[in-house]
Amino acid sequence: MTDAATAPNRAMMQRDLASAALGMVVEHDDPGHAVVSMQVRDDMTNGFGITHGGLVFTLADTAFAIACNEDETVTVAAGADITFLKSTVAGQTLTATAVRRTRSGRTGLYDVSVVDEHGDAVAEFRGRSLSTNRTL
């Protein structure tokens, strides 16, 4: 991992107040591949005492954003889908691993797997990216 390759992601994440507020930690940030973890807090659970699905999505979306911002071009989500596979509770640590499947022209396709601290599948996310005409 070189500084030049990760510079766009680091700049983006330094301004990402939502991910910071949720305590997300970027574990890995190579172009086309990212790993982000988050410990589930009590205030991240829903009325059933399980991790709010929107926050699982947010973790996956953050890993996706890092993976698809591979260069100085600002790349955004064009769409995303998630399948929830297992519920989790406060105190657990979730890890999202994003991998580029394909990138052609201005569009890309990325898969993100979210697992718990035991490596059990929690969710599968597929994101579609669109590179803009903007640069960082």
Side-chain angles (χ1 to χ4, degrees):
M1 180 166 46
T2 65
D3 284 337
T6 61
N9 294 337
R10 289 181 181 158
M12 176 185 67
M13 291 307 294
Q14 286 173 350
R15 294 186 304 270
D16 188 336
L17 302 180
S19 296
L22 293 170
M24 291 186 196
V25 176
V26 178
E27 309 285 350
H28 185 87
D29 65 346
D30 277 339
H33 179 232
V35 179
V36 181
S37 64
M38 176 181 77
Q39 184 167 14
V40 179
R41 303 184 311 241
D42 288 333
D43 65 346
M44 296 175 169
T45 60
N46 63 22
F48 298 111
I50 60 177
T51 309
H52 193 291
L55 297 176
V56 176
F57 185 97
T58 302
L59 174 64
D61 187 52
T62 297
F64 164 54
I66 294 168
C68 72
N69 277 280
E70 302 185 31
D71 53 32
E72 295 294 324
T73 302
V74 174
T75 301
V76 297
D81 301 292
I82 193 165
T83 301
F84 299 105
L85 304 169
K86 177 185 175 189
S87 59
T88 58
V89 296
Q92 291 191 265
T93 299
L94 305 181
T95 302
T97 301
V99 178
R100 176 189 344 103
R101 293 298 173 213
T102 185
R103 184 177 175 199
S104 178
R106 294 180 53 202
T107 63
L109 187 66
Y110 296 77
D111 286 333
V112 185
S113 295
V114 180
V115 299
D116 65 15
E117 68 277 8
H118 303 293
D120 294 337
V122 172
E124 290 293 330
F125 171 108
R126 175 158 274 190
R128 296 170 301 283
S129 69
L130 177 66
S131 296
T132 69
N133 293 325
R134 295 178 32 216
T135 57
L136 285 175

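The model shown is predicted, which means the values in this text are computed figures rather than measured ones.
Residues Val114 and Ala96 share a closest heavy-atom pair of CG2-CB, 4.0 Å. Nearest heavy atoms, Ala63 versus Val112: CB-CG1, 4.3 Å. Contact detail for Leu130 and Ala78: the closest heavy-atom pair is CB-CB, 4.2 Å. Here the shortest heavy-atom pairing between Met44 and Leu22 reads CE-O, 3.2 Å.
Leu85 is not listed as a side-chain neighbour of Val122, based on a closest heavy-atom distance of 4.5 Å or more. Using a 4.5 Å cut-off on side-chain heavy atoms (C-beta onward), Glu27 and Thr97 make no contact. Between Arg103 and Glu70 the shortest side-chain heavy-atom distance falls below 4.5 Å. Looking at heavy atoms from C-beta onward, Val36 lies out of side-chain contact with Thr95 at the 4.5 angstrom threshold. Side-chain contact between Val40 and Val89 is absent, with no heavy-atom pair separated by less than 4.5 Å. In this structure the side chain of Val25 never reaches within 4.5 angstrom of the side chain of Met38, judged on heavy atoms. Side-chain atoms of Arg100 and His33, non-hydrogen and from C-beta on, never get closer than 4.5 Å to each other.
For residues 45-58, every residue pair satisfying the side-chain hydrogen bond (donor to acceptor under 3.5 Å, both in side chains) rule, not counting sequence neighbours, is listed here: Thr51-Thr88. Sequence neighbours left out, the pairs with a member in residues 80-123 that pass ring-ring contact (aromatic ring centres under 6.0 Å, His included) are Phe64-Tyr110.
The number of heavy atoms from other shown groups lying within 6.0 Å of CG (Asp43) is above 12.
Partners of Ser113 by side-chain contact (heavy atoms from CB on, under 4.5 Å), not counting sequence neighbours, listed by chain and number: Glu124. When the salt bridge (charged side-chain N to carboxylate O under 4.0 Å, His left out) test is applied to Asp81, the partners found at least two apart in sequence or on another chain are Arg128. Partners of Asp61 according to the side chain to side chain donor-acceptor pair (under 3.5 Å) rule, which considers only residues two or more places apart in sequence or in another chain, do not exist here. Evaluation of the side-chain contact (heavy atoms from CB on, under 4.5 Å) rule for Val74 yields Val76, Thr132, Arg134, Leu136 as partners, not counting sequence neighbours.
Defined by atom type and a distance below 3.5 Å, a donor-acceptor pair is missing between the side-chain atoms of Thr93 and Glu117.
Leu59 and Ile82 fall within the same hydrophobic cluster, where Ile, Leu, Val, Met, Phe, Trp and Tyr residues are linked whenever their side-chain heavy atoms come under 4.5 Å apart, directly or through other members. By the rule that hydrophobic residues join a cluster once side-chain heavy atoms approach within less than 4.5 Å of another member, Val35 and Phe57 end up as members of separate clusters. Cluster annotation: Phe125 is connected to Val26 through the hydrophobic network of ILVMFWY side chains, with a link wherever side-chain heavy atoms come within less than 4.5 Å.
In this structure, the separation between CG on Leu109 and OG on Ser129 is 8.0 Å, given to the nearest 0.5 Å. Taking OG from Ser19 and CD1 from Ile66, the interatomic distance works out to 7.0 Å, rounded to the nearest 0.5 Å. Going from atom CZ of Arg41 over to atom CD of Gln92 covers 15.5 Å, rounded to the nearest 0.5 Å.
The backbone N or O of Ala65 lies less than 3.5 Å from a partner atom in the side chain of Asn69, making a donor-acceptor pair. Counting only distance, with no hydrogens or angles, the side chain of Arg106 and the backbone of Ser131 share a donor-acceptor pair below 3.5 Å.
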